[in-house]
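Only a predicted model underlies this, so the values are computations on that prediction, with no experimental measurement involved. In what follows, chains are A, B, ... by sequence order, proteins preceding strands, each numbered from 1.
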Amino acid sequence: KNEVEQSPQNLTAQEGEFITINCSYSVGISALHWLQQHPGGGIVSLFMLSSGKKKHGRLIATINIQEKHSSLHITASHPRDSAVYICAVRTPTKLVFGAGTILRVKS
Amino acid sequence: EAQVTQNPRYLITVTGKKLTVTCSQNMNHEYMSWYRQDPGLGLRQIYYSMNVEVTDKGDVPEGYKVSRKEKRNFPLILESPSPNQTSLYFCASSSGWEETQYFGPGTRLLVL
């Protein structure tokens, strides 16, 4: 079993829809990152969380340390949100990545 | 502009021919790392460095070397590349172990 599991693997949404991507992990962590990778390949860090909730524009990230679960929400989705979203957890010795969620938002 | 740069961006080489991929950051970050990304396997950490002259292995260090002689630079060295090292490579830096990481643009390597 992978230490970091993301769901769904693929997601297609209509423009304007509310989107949720989930990340569950099985190891002890000090922080969790949400990353975005566009088709060109570049990776951008969206959030770094150790507790609670963070919001940036239309993006919201939450983490529940007790349940070892994090969610990334996108409100009022737009075609430019189409990308791969990657969850990564920071353990005492390494950064472990999820397999990513491929999001496509259709207009 | 704060950034992480990598060179080259694309490289085609042959088995056994030593190569170096450079990584440089202008943010005075202490922590730097190298990752490879492969279809179906996702991102995996190769090596990381907590500071100058301090480096450690990640999940997949075999076949790679790194050095950290200056704070801003963290080159990745493939002494004798093999086809299984064909991959997309990313360098990243952050101000601390748990802080937000800034990624370079990636280097696509093909080893024939």
Side-chain angles (χ1 to χ4, degrees), chain A residues 1-10 21 23-25 27-52 54-56 59 61 63 65 70 72 83-103, chain B residues 1-6 8-11 21 23 25 27 29-50 54-61 66 86-110:
Chain A
K1 188 179 187 297
N2 293 334
E3 293 172 301
V4 181
E5 298 275 0
Q6 283 187 240
S7 63
Q9 289 184 310
N10 291 277
I21 298 170
C23 175
S24 296
Y25 53 92
V27 293
I29 71 168
S30 56
L32 182 143
H33 301 259
W34 280 103
L35 310 172
Q36 180 191 56
Q37 185 173 26
H38 277 286
I43 298 174
V44 174
S45 182
L46 298 174
F47 295 102
M48 194 273 292
L49 294 159
S50 54
S51 65
K54 286 190 177 180
K55 183 176 189 289
H56 185 256
L59 301 178
I63 188 169
I65 298 293
S70 176
L72 176 68
V84 178
Y85 292 84
I86 302 168
C87 169
V89 299
R90 173 68 75 190
T91 74
T93 57
K94 59 185 178 180
L95 191 63
V96 183
F97 297 86
T101 294
I102 302 171
L103 171 64
Chain B
E1 180 192 355
Q3 60 181 349
V4 179
T5 57
Q6 291 179 230
R9 296 288 313 280
Y10 305 91
L11 180 59
V21 183
C23 173
Q25 51 93 4
M27 295 169 277
H29 284 168
E30 292 186 347
Y31 180 85
M32 297 185 74
S33 58
W34 276 103
Y35 304 96
R36 61 178 289 175
Q37 186 176 37
D38 303 287
L41 296 175
L43 283 156
R44 292 176 293 169
Q45 191 169 39
I46 304 171
Y47 268 97
Y48 64 94
S49 171
M50 303 287 269
V54 181
T55 63
D56 209 345
K57 297 176 182 178
D59 284 329
V60 288
V66 293
T86 292
S87 188
L88 177 58
Y89 291 87
F90 288 98
C91 178
S93 74
S94 60
S95 57
W97 174 252
E98 296 179 357
E99 299 305 317
T100 298
Q101 292 212 47
Y102 295 82
F103 286 81
T107 295
R108 287 196 179 273
L109 172 65
L110 173 61

Spatial distance of atom CG (B:Leu43) from atom CD1 (A:Ile43) [nearest 0.5 Å]: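 Rounded to the nearest 0.5 Å, the CG-CD1 separation comes to 4.5 Å.
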Partner chain B: residue of A:Pro92, A:Ala99, A:Gly100 with the largest heavy-atom pair count (under 4.5 Å):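 Answer, by heavy-atom pair count under 4.5 Å with chain B: A:Pro92.
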Segment of A:Ile86 engaging chain B (4.5 angstrom heavy-atom cut-off):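 Looking at A:Ile86, just its side chain touches chain B.
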What are the atom names and distances for all donor-acceptor pairs below 3.5 Å between chain A and chain B?
{"from": "A:Ser30", "atom 1": "OG", "to": "B:Glu98", "atom 2": "OE2", "distance (Å)": "3.0"}
{"from": "A:Gln37", "atom 1": "OE1", "to": "B:Gln37", "atom 2": "NE2", "distance (Å)": "2.8"}
{"from": "A:Gln37", "atom 1": "NE2", "to": "B:Gln37", "atom 2": "OE1", "distance (Å)": "2.9"}
{"from": "A:Arg90", "atom 1": "NE", "to": "B:Trp97", "atom 2": "O", "distance (Å)": "2.8"}
{"from": "A:Arg90", "atom 1": "NH1", "to": "B:Tyr31", "atom 2": "OH", "distance (Å)": "3.4"}
{"from": "A:Arg90", "atom 1": "NH2", "to": "B:Trp97", "atom 2": "O", "distance (Å)": "2.9"}
{"from": "A:Lys94", "atom 1": "NZ", "to": "B:Asp59", "atom 2": "OD1", "distance (Å)": "3.4"}

